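One-based numbering along the sequence shown. Everything numeric in this text was worked out from a predicted model, so none of it was measured. Side chains are part of it too, since the values below use all heavy atoms of this structure and drop only hydrogens, waters and symmetry mates.
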Amino acid sequence: METMADNPFELLQRFNRDRSEAAFRELVRQHSPLVFATALRRLNGDRSAAQDVMQEVFTLLVRKSSGLDPAQLSAWLYRQTCRRAANHVRSESRRRQRELVSMEAMNHPPTPDESDRELLARELDSAMLSLPSSDRSALVMRYFEDRDFRSVAGTLGLSEVAARKRVSRALEKLAAVLKRRGITTGSALLGSTMSSMGRSIPPDSMVAKVSLQAMKSLPAAGSPSLSGLMKPALAGVALVSLISAGLLAKSRPTPVPPVPMASTPTSARESGLAYLLRPVTDTSIENLIAEIKRNQAGPGHSLVTLRLRAILDRVAIADIPAFVVLAGEKLTVAEQTACYAPLFERWLDQDPAAALSYVLLNKPGEKVDAETSTYMLGNLFRAWVEKDLKQADAWLREHWGDEGFKEHRWNGSVGEGFAMEVANDYVLRGNVSDAFEFIRALPNADARRRCLRGLAGEDPYGNAWHNIDPDRLLEVLRALSGFPETEPAGEARVLLWQSLNRSRPEDAAKVLAALSPQEHFEAALAKTGHYSKLASRTKTAGGGTISHFDQITDTTAGEADAMAAGLAAGLSRQEILKAIGAALVSKGNPAVAVPWLAGHREEVEVDAVLLGAIRDAARREDHSNLILWAACLRDPDLRMSIARAGFRQILAQPGDTAKNLLADPSLDAGLREELVEIRDAKP
């Protein structure tokens with residue numbers, strides 16, 4: 001009897017080599033939860049159609065398996081599932097389904113959490129497909145297949161720390177894409193939501209049927225396919241080409257007159273491999289750009305990238321600014337995008353301060369694609385932080401006042417994003433005191449607040465809390481307790497305890513055992529209001545785990561525990577209530593916090609806490625929550641001025657945000673009337 005390994009690499013290799021039915025069946029069993037769940041989500045729960053899609057995807061896998069990179073198998077299956085599910089849905093049926101969903105939503109309005117989740121589910125897959133394949137692959141494995149970081153790292157050929165960073169940064173990119181589509185969500189919530197919707201295990205009978213039908217698509221024995229016949233020839237050509245392309249990057253051939261633009265090859269043979277192997281012959285910027293245009297005009301092939309790298313290696317560092325200027329005039333959008341990252345990565349290796357200063361000041365590529373330009377800037381700085389943290393820290397402090405740092409990027413300013421990267425890396429390297437010294441020295445209060453909250457798990461770049469041991473976690477918590485700005489530090493402590501209770505309950509218990517009574521109270525604040533609690537973990541066949549969470553919505557128990565812990569720490573009832581109010585507000589959910597604040601107006605002075613939440617919402621351009629927070633302010637003039645300003649921002653944007661806000665039952669009735677007047681008076 002055959003014994004099957006769980007490793008997808010070995011299974012795919014065995015199937016390609018032996019056409020083993022058992023190996024393929026195990027591949028289907030391991031990956032069918034991802035394929036089936038994705039198809040169900042895309043087809044609005046139609047199980048019959050989802051099974052059809054699953055059959056199509058795995059039948060395609062039989063035919064395409066020999067050309068697949070095992071590290072990209074999960075992402076490939078996910079992409080194919082999305083495509084084939086889209087083929088099953090006709091335009092008219094999509095329109096009718098949206099209308100039906102809209103009617104149901106009007107008749108039975110969902111809670112804010114349910115509404116956000118439904119909107120996210122509708123947009124998630126298309127947003128995922130817009131990411132680079134390496135990012136999509138990391139997210140699919142981590143969240144849709146619920147693999148741990150060790151498994152993700154092993155599949156991608158990375159260290160565990162590098163895998164964590166790739167997942168974190170990919171999640172940030174996904175959040176940015178969703179934000180442009182009108183969905184604002186924190187990375188922690190986005191990750192947990194993806195985990196909960198990523199897998200749906202089909203019945204064994206369905207898996208067996210799909211495997212059997214897919215295997216029937218194999219060509220009969222003795223009937224080799226065209227691709228099989230071509231493999232030896234293609235392998236020989238690819239080997240010669242790769243060797244030649246590698247030599248191009250290292251050699252400097254004797255200059256000869258450049259090939260004129262008019263001689264761009266036209267035949268299939270000339271425009272393919274033969275063209276790619278032509279030597280680069282001229283080092284002047286104009287001629288190099290001409291070579292780039294000819295190279296990029298060829299067929300899409302991995303050798304195009306190798307050839308482009310060889311050409312760009314001949315641009316001297318001192319000539320990069322001149323190259324960028326001429327590229328803006330001569331190269332297309334796609335050609336510029338392909339050139340800039342390799343050039344600036346090479347400059348960064350030789351003179352990081354000059355490279356970052358140039359990119360920050362001149363924003364190369366921004367007119368081409370502002371998002372790509374932003375990510376290029378961020379990626380360059382992160383690479384520098386990993387290479388020389390102290391030098392990157394010193395450069396950031398020296399240039400903090402530069403205009404480029406004030407621009408809004410990454411749910412905040414460029415400077416804030418860079419500061420978060422530095423602080424997080426200090427903690428990851430075990431230098432907690434250096435991290436907090438750096439944060440205290442930041443001249444901008446918003447940057448200090450974002451760094452503190454980011455270290456607690458709110459920011460996708462702030463993954464340190466998930467990668468350090470309990471002793472280091474205790475060090476971070478105590479550094480937060482001693483931070484001079486008590487309001488943002490208190491918010492960060494609550495967020496950090498939320499993150500630990502949700503994802504690392506065993507380590508949270510270890511840290512809790514070492515705490516003082518005051519610190520016990522701070523930990524208890526995390527369980528006030530609604531929160532998620534880890535219920536169980538289930539091992540998967542592929543070596544990962546599925547985490548199951550309970551949603552705790554009864555606020556009375558958490559408030560009672562916090563009150564008891566606060567009294568044990570020697571605090572007064574009023575001090576405890578003020579801390580509970582601040583903790584509720586810091587969680588960013590007005591639907592929970594607003595009713596509590598309204599019921600404790602006479603006991604707690606909440607305006608200072610609310611103003612912090614309002615500033616935070618304004619920074620994130622979350623004008624709906626800004627208005628809901630403002631509605632609780634005691635000062636009527638301040639309340640109305642903030643609410644009016646936020647509502648005018650909403651009216652200036654497309655979509656139904658204003659309509660949804662006015663329909664929110666938690667909105668104060670008097671404030672609603674005022675906002676309706678503003679809406680009706682708009683020309």
Side-chain angles (χ1 to χ4, degrees), residues 5-17 23-24 26-39 42 53-54 56-86 124-160 162-171 173-174 177 194-195 198-199 214 227 231 234-235 238 242 300-306 338 341 375 379 540-544:
D6 284 337
N7 189 330
F9 284 80
E10 296 174 7
L11 292 169
L12 192 60
Q13 184 181 42
R14 184 174 179 180
F15 174 67
N16 287 332
R17 184 185 66 239
F24 185 75
E26 181 64 14
L27 278 171
V28 174
R29 188 184 69 79
Q30 287 188 16
H31 294 286
S32 59
L34 164 67
V35 172
F36 192 55
T38 303
R42 301 286 285 178
V53 167
M54 186 170 147
E56 291 178 25
V57 169
F58 284 110
T59 299
L60 186 66
L61 176 61
V62 167
R63 298 198 296 267
K64 300 285 189 180
S65 62
S66 61
L68 289 179
D69 176 1
Q72 298 296 323
L73 177 59
S74 297
W76 183 87
L77 289 168
Y78 171 74
R79 186 174 70 252
Q80 297 301 331
T81 304
C82 290
R83 288 177 177 176
R84 274 142 189 80
L124 179 62
D125 293 307
S126 61
M128 283 278 289
L129 292 174
S130 72
L131 296 178
S133 59
S134 59
D135 292 332
R136 185 168 61 248
S137 183
L139 291 178
V140 167
M141 286 189 284
R142 177 69 183 103
Y143 295 111
F144 284 170
E145 294 190 321
D146 207 19
R147 298 201 209 175
D148 57 26
F149 284 108
R150 180 175 297 178
S151 173
V152 174
T155 301
L156 296 178
L158 304 171
S159 68
E160 190 169 341
R164 289 179 186 277
K165 287 189 175 183
R166 177 171 295 185
V167 169
S168 177
R169 291 164 183 169
L171 197 62
K173 292 180 184 179
L174 180 61
V177 173
M194 290 169 66
S195 293
R199 293 172 59 87
S227 62
K231 276 182 183 177
L234 289 175
L242 287 169
H301 194 283
S302 59
L303 290 180
V304 172
T305 303
L306 291 172
Y375 284 128
N379 289 337
T540 66

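- For the side chain to side chain contact (heavy atoms under 4.5 Å, CB included) test with Tyr78, the passing option among Asp125, Val35, Leu73 is Asp125; the others fail.
- Evaluation of the side-chain contact (heavy atoms from CB on, under 4.5 Å) rule for Gln80 yields Val57, Leu60, Trp76, Arg83, Arg84 as partners, not counting sequence neighbours.
- Ser32 has its side chain within reach of Met54: a pair of non-hydrogen atoms, C-beta onward, lies under 4.5 Å apart.
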Original post:
What's the verdict on side chain to side chain contact (heavy atoms under 4.5 Å, CB included) for Leu156 and Met141, showing C-alpha distance, side-chain angles and the deciding distance?
Top reply: CA-CA 10 Å; Leu156 296 178; Met141 286 189 284; 3.5 Å; yes
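- Within the 4.5 Å cutoff, no side-chain heavy atoms of His31 are placed close to those of Leu61.
- The shortest non-hydrogen separation linking Val62 to Ala214 is CG2-O, 3.5 Å.
- Of all the heavy atoms in Ala39 and Thr81, the pair that sits closest is N-CG2, 3.7 Å.
- With sequence neighbours left out, the side-chain hydrogen bond (donor to acceptor under 3.5 Å, both in side chains) criterion links Ser74 to Glu145, Arg147.
- Asp135 and Ala170 get closest at one heavy-atom pair: CB-CB, 3.6 Å.
- For the pair Leu174/Tyr143, no side-chain contact is recorded, criterion being any heavy-atom separation below 4.5 Å from C-beta on.
- Phe58 pairs by the ring pair (Phe, Tyr, Trp, His ring centres under 6.0 Å) definition with nothing, not counting sequence neighbours.
- Across every non-hydrogen atom of Leu34 and Val140, the tightest pair is CD2-CG1, 3.8 Å.
- Of all heavy-atom pairs between Phe15 and Ser65, the closest is CE2-OG, 3.4 Å.
- One distance of note links CD of Gln30 with CG of Leu77; it measures 11.0 Å at 0.5 Å rounding.
- Pairing each heavy atom of Val53 with each of Ala85, the nearest pair is CG2-CA, 3.9 Å.
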